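Here's the structure we're looking at; comments come further down.
None of the values given here were measured: they were computed from a predicted structure. The chains referred to below are lettered A, B, ... by the order of the sequence lines, with proteins before strands, and numbering in each begins at 1.
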Amino acid sequence: MGIGFLQVPVQPRWDSPQDLMGFYNYIEGKFRPTDMARALWALDGLNNDDAEQDRMMMILLDEMNLARVEYYFSDFLSRLESRPRPDDVGDANERKDAEIELEIPNMERPPRIFPGYNLLFAGTMNEDESTQSLSDKIVDRANILRFSAPRKIKDGQAEGTVEPTLALSRQTWAAKALGEDEAFGPEDCLIGSYQGANPGGYEYVTLLRGNVRGNDTGTLLFPYPKREEAVGPARNGFPVRPRSGQDPATPDEEEGTEALRHMNEVLARIQELEEAIEDPSDTWGRLRDAWKRAEDEAEPKMAEIVRQARGMLPVLRNLEKCIRRVLRRHRELTPLDRVQEMDRASMVWLSRQPGRTIAERAGSSQRILATVRHENFDTLENRVLHAYTRLAADVAREWTREHPRAKDSVRYKQVEAFRKACRVFSRKLSDLGVMIASAGVQPNYVLMQDRSYREVHEGWLRLLLRRKIEDDLWAWQAETWTDFSVLSIILAIDELEEAELVAQSPISWSGEATGERWFNQDRPIAVFWLRDTNRIVEVQARPERPGIMLSAAQAHVALRISDPKRAELPRRVAVWTPHATRRIDLKEAVHGAAKLLHQIQPLAQTEVLRNGLIMTPARGVATRESAAHGRASATAIAIGPAGEDLSKGFQAVRDFIRSELYEVAT
Amino acid sequence: MTDRKLCGFDLNGWRDFVAKNWHSVPGEDEIIGLTDIVPSGPLSSIVRIGESRHASWIGGPQADIAPHGRGGGWGDVGSEERRIPVRSLLEMQDDDVEKLAQALLGSANGSANTVVSIDEGPDGDETVQEHLLEAVARGKFRNGALVWRPVLTALFAIHLDQVTEGQLVGVVSHQRRGLSVQKLRIRSARNVLAPERREAASQLKCDAGYESLFQCARNAAVGTEGFSARTAHRAIANSVGKADLGMDCYPEMLRIPNGDWELLDLTNYDASEAVSVPSSELGLADCDIVLFETLAEGRLKERLSNAIQEVSPVEVHSLPATAVAERKTTRLSNS
């Protein structure tokens, strides 16, 4: 299992906690720890600076009921129960009741050992005349497995060689399964893994499918919940997007707004690829120029609402002057001298009124039911117009809120002016009694043939489409982030003067996100030849056959660097693209990655994988961290989709790529 | 200046060009006005991406750099049925009009007026013409039209003020099986010069044709081992297309069937060495001006041009390879 193991044979004479942990020898003046005390100290990373980090251990109390468990283990049980929550163990005050203080007289600060969550306790017991029974207080605090005596004992012989076991880290153990009351939170990357068959009953996408030592494995990505929480798996406490047209009112909604802004900016960088591939002979150069412009947040990039602000404002001004109206007939009591038209129903009504003449039948008010025509603006085309002005105003408002640094730009002013015009027009339409069309209406003749109304209808459909996909975009932001990270890596390689694009699978752009992604591309994504260094660099994303090392590393993006002359083994660089709605702790992540790479080294057969790269959203703080563990090393880069976060983050990506390609090659 | 999107396709399968009058800048406005030329090829093709019901064909420059159909070293995508040369589509070896439409769409889409060049001779017969027009319609290119290559060449010369009214222009076109000669009289109407075509061009078969040049370059790439499963990857290398047209050729890294890499260097290959032109049969004596239209470059183009010059009564104007495509947008913008 990859867990450290200590077998402690329990003696019948044990009757105190000292038998477990050790005792102070007054004659020698030394504390004599037991093996178990040594093991606990070696794994207590909170009190022992030299402790093994992130390791698990199982302590087996063999024949534990030879002595009274309550006498030697009760103190331990009490301490274990007093442990704070895993997230709070770092607080010395919180964990003091759970710590075991070694009894060393005259020592100002005797060592304290915290039995952490990386320890598993198990015990074996028999029930016979030589053993003690367990009281309820022990039974209630443990899980008991009963085994009856086997009826047959088979002899077996070991075959083959035992492969080296990978150490199971505490982090992996903690990530194995969420407890019943546990859920993913906003600091978590919604990533899961499985062994064997695909899990059922969840909504997910598979990032990676592989095989490690004959076991099918997979890495899954779950979607972000559309509201604050969701089940299958449990997800709680996520930022909430403000309702359409509303400003954020609570801290959660403000966090949601910021997350939405970040998501839209990442998407904008991806969508620039669609325009860049219009000239396939220089796709990456054009994309790089676009991203360079995105580093300047004072100049917002083109977006659908910006186009509409420019193109639709004259259309709306024109329509405002000549909104279509119809004359609708309806019946109402009309003064006699104003009656112009009567229909059958009004004549039937008149015939039923008392009196012999019309004047008599008109009664004291001298009114009869007659058909009257009134101007009516509540037509389908105006309802669509009303829906459009409201939606456009909302989208414009969101756009200006997402670009606060661009207030002095021409585009910002255009969008702001457009928003105001839409609001005013919407109010006017409300005053005229025009209702709001719902999405999916069948266009009438006017919407199809009248030029202005047709443009409004088409603009409305484009904005509706964006709204419709926003939910999907929100749910699968992590996939968009992966695509952004892959593009960053490709741009960094393409920038190298000696880099020549050898092969690249065609990029097929979708009009909307399909399968959680905006574009489809076969594998390989891009393959470069470094002419002078004579290396082939392949950028792999979501590889179909990742190989044992990438599967074990659970990295669904990778670089593969090979020597065409085969003088060296191919090298892989694992790339992780963790995405959470809050900033990830880079130091913790990079240390974890380096450890993981170190742990999987025994699996290396036909290629080398010692280095890794983490790319995660900067959320306003673009930084870089590195860590090494043995011969393995990892780098974490926090990069953003715009402004200084993009500029600094991309420089870090550039530096990493160069270091990977050149420091090793030389 | 028009604000309509115009584009002209020179789709020939040897070296394609599309000239369009709009230019998009990622993240910015689209600009209509200046002519933008998007090349693809040499030896352009379409490739199939995706699997089963999600599969589709894509052409243009993206297909040039795609690993699809380039051999087993690329895995499943390297399978040869994933790549179809545009030449096969134009020669009707594969008559799926949807595929031909993708060859056009891979380079440009969304134009309001579209012109496609058509070769003189059997490569531009009625069947091919209907096929091309249907592909244009299928690709949703509006207001599509076919124009003879020599006519477009003459229009280019008109644009450069190289011809005047009344002149007889001899257009020598480089073609698949050799050369063709078309004579066009320049007429004027409402102060606009236009070439008048009265009859089909005369065809001159020789080993200077694109097909013959391609075979020679391919043999040079494959080498003395001959064409086999071990050398097939060399036969479909991009360098072959460049070498056969006399273009600058640089060492190219190829993936061999077992996934390893091999360098193909055709830098020293000279396509002009194996070429002979029976120029005495061109019949240019009565021409007031002679234009030479070819997709070739470098020494090959020079050699062909010199051969024509030997029998031309006047100086031969060798036009750039983009001339045919470029003239289409000008013609449209002036109409």
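The heavy-atom pair separating B:S24 from A:E278 by the smallest distance is OG-OE1, 2.8 Å. Nearest heavy-atom pair across A:I507 and B:I58 is O-CD1, 4.1 Å. What you find for B:W261 and A:P564 is that their closest heavy atoms are CB-CB, 3.8 Å. Of all heavy-atom pairs between B:V77 and A:P524, the closest is CG2-CD, 4.4 Å.
Atom CE in B:M253 sits 9.5 Å away from atom CG in A:L530 (nearest 0.5 Å). From B:E28, atom CD reaches atom CG of A:D289 across 11.0 Å, with rounding to the nearest 0.5 Å. The structure places CZ of A:R307 at 8.5 Å from CD of B:E30, a figure rounded to the nearest 0.5 Å.
For chain B, the nearby part of A:S562 is the side chain; its heavy atoms alone come within less than 4.5 Å. Looking at A:V306, there are no atoms closer than 4.5 Å to chain B (heavy atoms on both sides), in backbone or side chain. Heavy atoms of B:L263 lying under 4.5 Å from chain A belong exclusively to its side chain. Contact annotation for A:R523: only backbone heavy atoms (N, CA, C, O) come within less than 4.5 Å of a heavy atom of chain B. Both the backbone and the side chain of B:V25 come within contact range of chain A, with heavy atoms under 4.5 Å apart. Interface remark: A:L501 contributes backbone and side-chain atoms alike to the contact with chain B (heavy atom separation under 4.5 Å). Within the 4.5 angstrom heavy-atom criterion, only side-chain atoms of B:H23, from C-beta onward, approach chain A. The contact between A:R293 and chain B is made entirely by side chain atoms (from C-beta outward), counting heavy-atom distances below 4.5 Å.
The environment of CD in A:E498 is crowded: more than 12 heavy-atom neighbours from other residues, nucleotides or ligands sit within 6.0 Å. Within a 6.0 Å radius of CZ in A:R209, no more than 12 heavy atoms belonging to other residues, nucleotides or ligands are found. Surrounding CZ of A:R405 are at most 12 heavy atoms belonging to other residues, nucleotides or ligands under 6.0 Å away. Counting heavy-atom neighbours within 6.0 Å of A:E644 CD, excluding the residue itself, gives a total of 12 or less. In this structure, B:Q93 places its CD atom where more than 12 heavy-atom neighbours from other residues, nucleotides or ligands lie under 6.0 Å away. Heavy-atom neighbours of B:F227 CZ from other residues, nucleotides or ligands within 6.0 Å: above the threshold of 12.
Judged by distance alone, the side chain of A:R531 and the main-chain N or O of B:P251 form no donor-acceptor pair under 3.5 Å.
Among the candidates A:P300, A:A268, A:A276, A:S505, the residue making the largest number of heavy-atom pairs closer than 4.5 Å to chain B is A:S505. Per-residue heavy-atom pair counts under 4.5 Å with chain B were compared for A:R566, A:K301, A:Q271, and the maximum is reached by A:R566. The candidate from A:E272, A:Q521, A:E544 with the greatest count of non-hydrogen atom pairs under 4.5 Å with chain B is A:E272.
Interface residues of residues 62-76 of chain B toward chain A, defined by a heavy-atom distance below 4.5 Å and sorted by number: B:Q62, B:I65, B:A66, B:P67, B:H68, B:W74, B:D76.
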